[in-house]
Amino acid sequence: MDNHSYFMELAIAEAKKAGQIGEVPIGAVLVADNGEILAAAHNQTIVRVDPTAHAEILTLREAATKSNNYRLLQTSLVVTIEPCMMCMGALVHARVKRVIFGAADPKWGAAGSLYNFAEDFRLNHRVEIIKGVREEECRELMQAFFRAKRL
């Protein structure tokens, strides 16, 4: 198992925690270039009554607090689903080096699907994107969650 797959396994575990409490099953892990896990979280918008409580945002907040720095240089965010506009904006602001995601999000994705914040030359930071890591597993988590909601 390569590092991307290993860290995605941790993100998937976070996503499952979200699903178990009725949240959209998205999980994220922020990893330093040296392999240290800086933070991990899952969606908690309903539980926290907070529309910004996406897995990515919560992970960034935790890592910034721990490091006492709002710039999270030399880090990678591993997330089960392609980040939305809000989350990609935060990742650019935090100067995260790369985003590694599982499944694309054609309705909300801002890392290449609907928008591409990562390569927008008008922004002052570029984020490397690696997509499709454990894609089927990540997609199935989301599909199963929404299938169960429709029953």
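- Checking Met142, His54, His42 one by one against Val24, the side-chain contact (heavy atoms from CB on, under 4.5 Å) holds for a single residue, Met142.
- In this structure, Ile21 CD1 and Ile46 CD1 are separated by 8.0 Å, a value rounded to the nearest 0.5 Å.
- Between Ile100 and Lys131 the shortest side-chain heavy-atom distance does not fall below 4.5 Å.
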side-chain hydrogen bond (donor to acceptor under 3.5 Å, both in side chains) between Asp50 and Thr52, worked out: CA-CA 5 Å; Asp50 178 357; Thr52 70; 2.6 Å; yes
List the steps, then state whether side chain to side chain contact (heavy atoms under 4.5 Å, CB included) holds for Lys97 with Leu73. CA-CA 6 Å; Lys97 183 176 178 179; Leu73 306 170; over 6 Å; no
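- Contact record, Val96 with His125: O-NE2, 2.8 Å, taken as the closest heavy-atom pair.
- Counting only heavy atoms from C-beta outward, the side chains of Leu38 and Leu30 approach each other to under 4.5 Å.
- When the side chains of ILVMFWY residues are joined at heavy-atom separations under 4.5 Å, either directly or via intervening members, Val92 and Val99 end up in a single hydrophobic cluster.
- Tracing side-chain contacts under 4.5 Å through hydrophobic residues (I, L, V, M, F, W, Y), one reaches Leu10 starting from Leu141; they form part of the same cluster.
- A salt bridge does not link Arg61 to Glu56: none of the charged nitrogens lies less than 4.0 Å from a carboxylate oxygen.
- Across all non-hydrogen atoms, the minimal contact from Ser113 to Ala104 is OG-CB, 3.5 Å.
- Remark: side-chain polar atoms of Glu14 are not paired, donor with acceptor, to backbone N or O of Ala40 under 3.5 angstrom.
- Contact check for Ile130 versus Arg98: side-chain heavy atoms found under the 4.5 Å cut-off.
- A donor-acceptor pair under 3.5 Å is absent between the side-chain atoms of Arg126 and the main chain of Phe117, judged by distance alone.
- Considering all non-hydrogen atoms of both residues, Tyr70 and Ala64 come closest at CA-CB, 4.2 Å.
- Heavy-atom minimum distance, Ala11 versus Val29: N-CG2, 3.6 Å.
- Judged by distance alone, with hydrogens and angles left aside, the side-chain atoms of Asp105 form no donor-acceptor pair with the main-chain N or O of Ile81 at under 3.5 Å.
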Could you go through Phe7 and Ile37, starting from their C-alpha distance and side-chain angles, then the distance that decides it, and tell me whether this counts as side chain to side chain contact (heavy atoms under 4.5 Å, CB included)? CA-CA 9 Å; Phe7 291 121; Ile37 296 170; 3.8 Å; yes
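- Counting only heavy atoms from C-beta outward, the side chains of Thr75 and Val31 never approach each other to under 4.5 Å.
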Go through it in stages, so that I can follow the logic: the residues are Thr59 and Leu77, the test is side chain to side chain contact (heavy atoms under 4.5 Å, CB included), and I'd like the CA-CA distance, side-chain angles, deciding distance and then a yes or no. CA-CA 9 Å; Thr59 302; Leu77 183 85; 3.9 Å; yes
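- Atom CH2 of Trp108 is separated from atom SG of Cys87 by 11.0 Å, given to the nearest 0.5 angstrom.
- When only modelled atom types and interatomic distance are considered, Thr80 and Arg139 share no side-chain donor-acceptor pair under 3.5 Å.
- Looking at Ser67 and Asn69, their side chains never bring a donor and an acceptor atom within 3.5 Å of each other.
- In terms of heavy atoms, Gly27 sits closest to Ala15 at N-CB, 3.5 Å.
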Please assess Ile12 against Glu137 for the test side chain to side chain contact (heavy atoms under 4.5 Å, CB included), listing each intermediate value before the final yes or no. CA-CA 8 Å; Ile12 289 168; Glu137 195 172 350; 3.6 Å; yes
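- The 12-atom threshold is not exceeded at CG of Asn68, counting heavy atoms of other residues, nucleotides or ligands nearer than 6.0 Å.
- Going from atom NE2 of His93 over to atom CG of Asn124 covers 8.0 Å, rounded to the nearest 0.5 Å.
- At most 12 non-hydrogen atoms from other residues, nucleotides or ligands lie less than 6.0 angstrom from CD of Glu119.
- Residues Ala90 and Ile57 come closest through the heavy atom pair CB-CD1, 3.5 Å.
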When you look at Glu23 and Arg48, which way does the salt bridge (charged side-chain N to carboxylate O under 4.0 Å, His left out) test go after all the steps? CA-CA 11 Å; Glu23 298 276 0; Arg48 293 184 182 220; over 6 Å; no
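- A salt bridge links Arg134 and Glu9; the closest N-O separation between the charged side-chain nitrogens and carboxylate oxygens is under 4.0 Å.
- One finds the CZ atom of Phe145 at 9.5 Å from the CD1 atom of Ile26 (value rounded to the nearest 0.5 Å).
- Contact check for Ile129 versus Phe101: side-chain heavy atoms found under the 4.5 Å cut-off.
- Taking the side chain as every heavy atom from C-beta outward, His4 and Val78 never approach each other to under 4.5 Å.
- The side-chain heavy atoms of Met8 and Cys138, taken from C-beta on, include a pair separated by under 4.5 Å.
- A heavy-atom distance below 4.5 Å is not found between the side chains of Lys107 and Leu114.
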